[in-house]
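Worksheet for the structure shown next.
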Amino acid sequence: MTTPIHTSAYERRLKMVEDVLTGQAKLGGKAARDLAVHVLRALDHIPERVR
């Protein structure tokens, strides 16, 4: 039997952005992950009513 692994909402969002950057911008794994962290940080600082 496998043990379920909890993935946070942040990790799911990070993976989604990373996948887009890898596929669309042809970035490698580490570069895409680093950029995804910056993108999410910027998006999280936009007020909810503006988003």
How close do T22 and A32 get, heavy atom to heavy atom, and via which atoms? OG1-CB, 3.4 Å
For Q24, what residues pass the side chain to side chain donor-acceptor pair (under 3.5 Å) criterion, not counting sequence neighbours? none
Quick one: pull up CD in E11 and CE in M16 and give me the separation to the nearest 0.5 Å. 12.5 Å
L14 pairs by side-chain contact (heavy atoms from CB on, under 4.5 Å) with which of T7, L40, V39? L40
Among residues at least two apart in sequence or on other chains, which ones pass salt bridge (Lys or Arg N to Asp or Glu O under 4.0 Å) with K30? D34
Under 4.0 Å between a Lys/Arg side-chain N and an Asp/Glu carboxylate O for R12 and E18? no
Same cluster for V20 and V37 if Ile/Leu/Val/Met/Phe/Trp/Tyr side chains link at under 4.5 Å? no
So which heavy atom on L21 is nearest to which on A36, and how close? CD1-N, 3.7 Å
Could you tell me whether D44 and R13 make a salt bridge, using a distance below 4.0 angstrom between a side-chain N and a carboxylate O? yes
